[in-house]
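Computed over heavy atoms, backbone and side chain alike; hydrogens, waters and symmetry mates excluded.
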Amino acid sequence: MKKTARIITLCLCLLMFISVPVSAASTPYSTYTYDINGDIQLSPPAYAPDKEVTNFDMHMDTPLSSPEDIFVDGNKNIYIADTGNKRVVVCDPDFLFKFEITTFTNEHGVPDALDNPCGLCVTDKNIYVCDSSKCRVVVFDLDGNFDRIIYAPEADVLGNDTSFTPVSIGVDKTGRMYIVSSQTYSGIFSYSEDGEFESFIGVQKANVSWIVQLRKKLFPNAVMEDNLTMGYLSLVVDNDGFVWATVDTSQDENTFMSAIKGNDESFAPIKRLNVSGKDVMVRSGFFMPAGEISAFGFGDDSVTDSVSILSDIALGPNGMWTVIDTLRSKIYAYDANGVLLFVFGDKGAQLGNLKDAVAIDFYGSDIYVLDRTLNSVTIYKREEYGDAINMALEDDINRNFSAALDDWQEILKRNNNCDSAYVGVGQNLVKNGQYKLALEYYKNAADVEHYSTAYKQVRKEWCNKYILIVPVVVVVLCFGLSKFIKYASRKNKIGMTKVGKRTFGEEIIYGFYLILHPFDGFWDIKHEKRGSVRGGLFWIAMACLALIYQQVGTAWMKNPDKDHVNVFFAICTVIVPLVLWIVGNWCLTTLFDGEGSLKDIFIATSYSLVPLVILVIPATALSNILSLDEMAVSTLICTVSYVWLGFLVFFGTMTTHGYSMGKNFIMTLATVLGMCFIMFLAMLFSNLVTRMVSFVTEIITELGYRAQ
């Protein structure tokens, strides 16, 4: 009896083990997102592999061979472009083979056949097949019967640099067709429902180097190389008639890498085009949607330094959409605003990993991915974390703000690295009027734009609450500033006629006169001794403090990715250029009739730092009350301070050495070159010392080993 019970228990355990679906813990890949610095932030699995459908499962006599595309229609019928076998395979929702499309009789009554089917699109009436090697799109009805053929436009429309080799097609509700042609640089082909060519849309911007642009300006009639735009890889059309297309990034990786880092939408790898071909995609994330961003070193080392090749794009529920990176076999999911939701997938042999993923499609929440090498389709099911994200997106779309707020907060409980959840909570708090609380969530997600929008409301509420205090503070500041200006002017006038040694306060106050009267000011510093070394040291110290305060006190919106304050760097920003300039200028001017001594150069250059102090500090303070679109005011003030400083250094050098304007200009350029030469010598000496120390250390270590 006991033996029988043990056998039954063992069988039940085995049955439970077999029946357990693939769980989050068993996914053979990591799911992650990126933070503002491009570093990976791991998250719970949003999708887990459910099963892999192979040739054997489809019950076909002829197995798949190098398939290129997959499409799942509204009835869950599966269509596969079986390129290697020159056919289209149609399966039922259980992936059981229904029929195939290979041969047909064309409109001329002549037997015909598919030769290289690459792209598919299925509507409620027709099956559209891109037969690329024969330069045509063949249209069938849903039973696989021939309907018509879409041919290339007239030759005069195409031009010399355009061919019609269709590889991807999308059809909108009206029957208008959009076709991607391989090696075509004029954009996407747009056809009417009747199969008439209408226009090209979405032509890409050409990346022309400045040398070529200059050559074309100088020699407009000269024969030069063509500068072709980027072609497309795939497209899909949404229910509103917008065309979502991926660009062939392999044509110019450097251009796309620069565009991704610089957020240059002209060379965005993914575009959402309206009927006229204008890119209207919303890109609100830290980085534009482009697949892999900057977390290189994660995954297969052989491809981590390459820009993603986005072979296919698919539209999911509630505004979510995905692209697939053929290089890495990874799937990238974004929301309607272009914010990265999660990344999953990897290369490998386990269930869920892929070898050569080329096509992707949705059916409901399920994701179907076609592998060209494995000749199989992997189906991914949405996990609890993915369900939570989907529910939040759905409530956002339905404007159910209270429920959406709860949804995003639930997501944060599961994954506090999810920046889109912080943004989601912040947006729903804003809609509920909780602007101050929303700021914290936006800050956690480093979402500067939404933070600025909420901050305006917080600032408006504060101004309304303290409406009488604001003008009083402004009046007091203006009154205090005017009093200080009068005081400084009075002191400087007294100093003009004073004989004898100046007080430290008078030497400091004189800096305010000098910045407005540089020629007289620098003359009096040298000949009337109205400035001194201690005064110069004071202004150097104040400049260092100003830059330290700039690091500490700058508004978060202006520098959201700062990690910590580097006091040493702020001090070096002042001291190093100052020392290089003084030494370099003194070395050169002693050889070219300069009248100023090393002390004179030091004092004149030090007093030139006054604008940096009097403008950077208020500009930094001002940044804390400005919104993002107003932050240019603070930046402008800082820029003016540096330009002002440069003019003072220039005119101070000219007055100190008694140079003419032309000679001083030449000596200024020579001093800059001298600064570069000094830095080169310093680096060379530092490298030499490092090598000597390393050499001595190795000798001591070797002697220690031998002594043992």
Side-chain angles (χ1 to χ4, degrees), residues 32-43 46 260-265 268 270 272 281-290 293-295 318-321 332-343 388-389 392-393 395-397 399 401 404-461 554-563 623-632 634-635:
Y32 60 93
T33 57
Y34 295 110
D35 63 12
I36 191 172
N37 298 313
D39 296 324
I40 287 174
Q41 299 292 317
L42 295 177
S43 63
I260 293 168
K261 291 181 178 179
N263 203 29
D264 182 2
E265 296 184 359
I270 308 169
R272 183 177 183 237
M281 175 173 283
V282 180
R283 301 177 176 91
S284 300
F286 299 140
F287 306 93
M288 68 169 67
I293 302 298
S294 58
N318 299 315
M320 189 178 82
W321 54 277
Y332 302 80
Y334 301 87
D335 67 9
N337 295 315
V339 177
L340 181 66
L341 297 173
F342 49 83
V343 182
I389 291 177
L393 295 176
D395 285 331
D396 277 337
I397 291 174
R399 304 179 68 82
F401 304 134
L405 178 60
D406 294 336
D407 293 335
W408 288 117
Q409 287 176 333
E410 179 62 28
I411 292 171
L412 284 178
K413 292 178 183 178
R414 298 170 181 266
N415 178 22
N416 58 8
N417 291 327
C418 184
D419 292 316
S420 57
Y422 285 108
V423 174
V425 172
Q427 287 177 324
N428 285 281
L429 287 173
V430 166
K431 292 165 185 174
N432 291 329
Q434 298 174 276
Y435 304 109
K436 193 171 183 179
L437 184 57
L439 292 180
E440 295 300 320
Y441 285 92
Y442 287 140
K443 193 170 184 179
N444 286 331
D447 189 336
V448 177
E449 293 185 4
H450 286 111
Y451 183 97
S452 177
T453 303
Y455 173 74
K456 288 180 182 178
Q457 297 299 323
V458 173
R459 186 177 63 182
K460 182 179 178 180
E461 291 178 354
T554 299
W556 174 82
M557 277 186 291
K558 195 172 182 180
N559 189 17
D561 57 346
K562 64 178 180 182
D563 296 327
S623 70
N624 290 279
I625 61 174
L626 298 176
S627 63
L628 184 62
D629 51 352
E630 300 162 349
M631 203 63 71
S634 174
T635 304

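Heavy-atom neighbours of E461 CD from other residues, nucleotides or ligands within 6.0 Å: above the threshold of 12.
Ring geometry for Y441 versus Y422: interplanar angle of 30 to 60°, hence tilted. A perpendicular orientation is assigned to the rings of Y34 and Y32, their planes being inclined by more than 60° (bins at 30° and 60°).
At least one donor-acceptor pair closer than 3.5 Å links the side chain of N444 to the backbone N or O of E440.
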Legend entry - side-chain contact (heavy atoms from CB on, under 4.5 Å) assessment of Y334 paired with R283: CA-CA 10 Å; Y334 301 87; R283 301 177 176 91; over 6 Å; no
Inset, instruction - Could you please spell out the steps behind the side-chain contact (heavy atoms from CB on, under 4.5 Å) verdict for C418 and T33? - result: CA-CA 7 Å; C418 184; T33 57; 5.8 Å; no
Inset, instruction - Evaluate the side-chain contact (heavy atoms from CB on, under 4.5 Å) criterion for residues T635 and K558: first the C-alpha distance (whole Å), next the side-chain angles of each, then the deciding distance (0.1 Å), finally the verdict. - result: CA-CA 9 Å; T635 304; K558 195 172 182 180; 3.5 Å; yes
Inset, instruction - For side-chain contact (heavy atoms from CB on, under 4.5 Å), just list the numbers for D629 and K456, CA-CA rounded to whole Å, side-chain angles, deciding distance to a tenth of an Å, and then say yes or no. - result: CA-CA 11 Å; D629 51 352; K456 288 180 182 178; 3.0 Å; yes
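Remark: K436 engages no residue in a salt bridge (charged side-chain N to carboxylate O under 4.0 Å, His left out) (not counting sequence neighbours).
D395 and W408 are not linked by any side-chain donor-acceptor pair at a separation below 3.5 angstrom, with hydrogens and angles left out of the test. If you check the side chains of S452 and E449, you find no donor sitting under 3.5 Å from an acceptor.
Of the inter-residue distances, the one linking L393 atom CG with I397 atom CD1 reads 6.5 Å to the nearest 0.5 angstrom. Residue D406 holds its CG atom at 9.0 Å from CG of N428, rounded to the nearest 0.5 Å. In this structure, CG in L626 is found 5.5 Å from CE in M631, a value given to the nearest 0.5 Å. D335 contributes atom CG, which lies 9.5 Å from atom CD1 of I389 (distance to the nearest 0.5 angstrom). Note that CD of E410 and CG of L405 are 12.0 Å apart. Values are rounded to the nearest 0.5 Å. Separating the OG atom in S420 from the CD atom in Q427 is a distance of 10.0 Å, to the nearest 0.5 Å.
Contact record, M288 with I293: O-CD1, 3.9 Å, taken as the closest heavy-atom pair. The shortest heavy-atom contact between A555 and N624 is CA-OD1, 3.6 Å. Across all non-hydrogen atoms, the minimal contact from A336 to V282 is O-CB, 4.1 Å. When all heavy atoms of W556 and D447 are compared, the closest pair comes out as CH2-N, 4.0 Å. Taking every heavy atom of both residues into account, S627 and M557 meet most closely at CA-CE, 3.9 Å. For the pair L340 and A333, the tightest heavy-atom approach, listed with the atom from each and the gap, is CD1-O, 3.4 Å.
For the pair V339/V423, no side-chain contact is recorded, criterion being any heavy-atom separation below 4.5 Å from C-beta on. Residues V430 and T453 have side chains not in contact (no heavy-atom distance under 4.5 Å, counting atoms from C-beta outward). A 4.5 Å side-chain heavy-atom check between D419 and F286 finds at least one atom pair inside the cut-off. Two residues are said to be in side-chain contact when any heavy atoms from C-beta on lie closer than 4.5 Å; S43 and R414 fail this criterion.
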